[in-house]
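Worksheet: one structure, shown below.
Being a predicted model, the structure only gives us computed values, none of them experimental.
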Amino acid sequence: QVQLVESGGGLVQAGGSLSLSCAASGRSFSNYAMGWFRQAPGKEREFVANINRSGGTTYYADSVKGRFTISRDNAKNSVYLQMNSLKPEDTAVYYCAADLKRSYYPDDYDYWGQGTQVTVSS
């Protein structure tokens, strides 16, 4: 079993940057692909980015491509999301998730963090 804890959210002006972290418990972190998702009020949870077990393959939603970067450090049992050029429409609760297979769909992920709020002001 994997427990996930996100950190790094906050309030930032449009055009600014934030870096999110997700710390995982357990010794099997490197067995899991990791994903970042977000959910804005009144909207469904949506895919942001994912990364494979080794960190060598990543994929991004079109809405964040070129602005966000996902990375992981298996020695530190952590995955990160660097967010640059933030826009008001990026405002949401951001979640990290773990699954044995890399996927774009929230329902495929078995383990979730509690989420961290990101608010981008215009």
Side-chain angles (χ1 to χ4, degrees):
Q1 191 162 350
V2 179
Q3 293 183 329
L4 304 171
V5 179
E6 302 97 334
S7 61
L11 173 64
V12 64
Q13 288 188 334
S17 298
L18 278 176
S19 181
L20 304 184
S21 298
C22 173
S25 66
R27 294 179 291 178
S28 58
F29 176 72
S30 60
N31 289 341
Y32 291 88
M34 299 298 296
W36 284 98
F37 293 81
R38 66 188 182 186
Q39 188 166 18
K43 295 188 177 181
E44 293 186 351
R45 192 167 296 189
E46 66 172 1
F47 169 77
V48 174
N50 64 27
I51 189 166
N52 71 342
R53 288 176 287 182
S54 69
T57 302
T58 58
Y59 190 82
Y60 299 91
D62 287 343
S63 58
V64 306
K65 199 173 295 182
R67 300 187 298 122
F68 291 12
T69 302
I70 187 172
S71 62
R72 68 188 295 164
D73 185 338
N74 287 342
K76 295 183 178 180
N77 282 7
S78 294
V79 63
Y80 310 99
L81 187 68
Q82 177 65 41
M83 305 185 294
N84 298 328
S85 302
L86 282 160
K87 305 174 181 180
E89 50 264 43
D90 294 318
T91 295
V93 177
Y94 282 70
Y95 300 88
C96 68
D99 191 65
L100 292 175
K101 295 193 301 182
R102 192 165 60 97
S103 172
Y104 317 122
Y105 305 107
D107 289 348
D108 288 342
Y109 284 78
D110 291 329
Y111 304 105
W112 291 85
Q114 82 289 350
T116 186
Q117 177 71 47
V118 171
T119 303
V120 184
S121 62
S122 57

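- In this structure, Glu6 contributes its side chain and Gln114 its backbone to a donor-acceptor pair below 3.5 Å.
- For Ser85, there are no side chain to side chain donor-acceptor pair (under 3.5 Å) partners two or more places apart in sequence or in a different chain.
- Residues forming a side chain to side chain donor-acceptor pair (under 3.5 Å) with Asn84 (at least two apart in sequence, or on another chain): Ser17, Gln82.
- The salt bridge (Lys or Arg N to Asp or Glu O under 4.0 Å) test applied to Glu89 returns no partner, not counting sequence neighbours.
- Phe47 meets the ring-ring contact (aromatic ring centres under 6.0 Å, His included) test with Phe37, Tyr104; sequence neighbours excluded.
- Within the structure, ring-ring contact (aromatic ring centres under 6.0 Å, His included) contacts touching residues 75-95 (residues at least two apart or in different chains) do not occur.
- Remark: of the listed residues Tyr109, Tyr111, Phe29, Phe29 is the sole one forming a side chain to side chain contact (heavy atoms under 4.5 Å, CB included) with Met34.
- Screening residues 51-81 for disulfide bond (SG atoms under 2.5 Å apart) gives no qualifying pairs among residues at least two apart or on separate chains.
- Every residue two or more places apart in sequence or in another chain was checked for a salt bridge (Lys or Arg N to Asp or Glu O under 4.0 Å) with Arg72, and none qualifies.
- In terms of heavy atoms, Ala14 sits closest to Pro88 at CB-CD, 4.1 Å.
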With a 3.5 Å cut-off and sequence neighbours excluded, list the donor-acceptor pairs that the side chains of residues 96-103 form with protein atoms.
| residue | atom | partner | partner atom | Å |
| --- | --- | --- | --- | --- |
| Asp99 | OD2 | Lys101 | N | 3.1 |
| Arg102 | NH1 | Asn50 | OD1 | 3.0 |
| Ser103 | OG | Tyr105 | N | 3.0 |
| Ser103 | OG | Asp108 | OD2 | 2.6 |

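- Pairs of residues two or more places apart, or lying in two chains, that qualify as salt bridge (Lys or Arg N to Asp or Glu O under 4.0 Å) and include a residue from residues 29-38 are Arg38-Glu46, Arg38-Asp90.
- Ser30 contributes no side-chain N or O that, together with a main-chain N or O of Asn74, makes up a donor-acceptor pair within less than 3.5 Å.
- One hydrophobic cluster holds both Val48 and Tyr60 under the rule that ILVMFWY side chains link at heavy-atom gaps under 4.5 Å.
- Sorted by first and then second residue, the disulfide bond (SG atoms under 2.5 Å apart) pairs involving residues 46-75 (not counting sequence neighbours) form an empty list.
- For Arg53, the side chain to side chain donor-acceptor pair (under 3.5 Å) criterion is met by no residue, not counting sequence neighbours.
- Take Asp62 and apply the side chain to side chain donor-acceptor pair (under 3.5 Å) test, not counting sequence neighbours, and it matches Lys65.
- Gly9 and Val118 make their closest contact through CA-CG2, 4.2 Å (heavy atoms, listed as atom of the first residue, atom of the second, distance).
- The two residues Trp36 and Ile70 come nearest to each other via the heavy atoms CD1-CD1, 3.5 Å.
- With hydrophobic clusters built from ILVMFWY side chains whose heavy atoms lie under 4.5 angstrom apart, Trp112 does not share a cluster with Tyr32.
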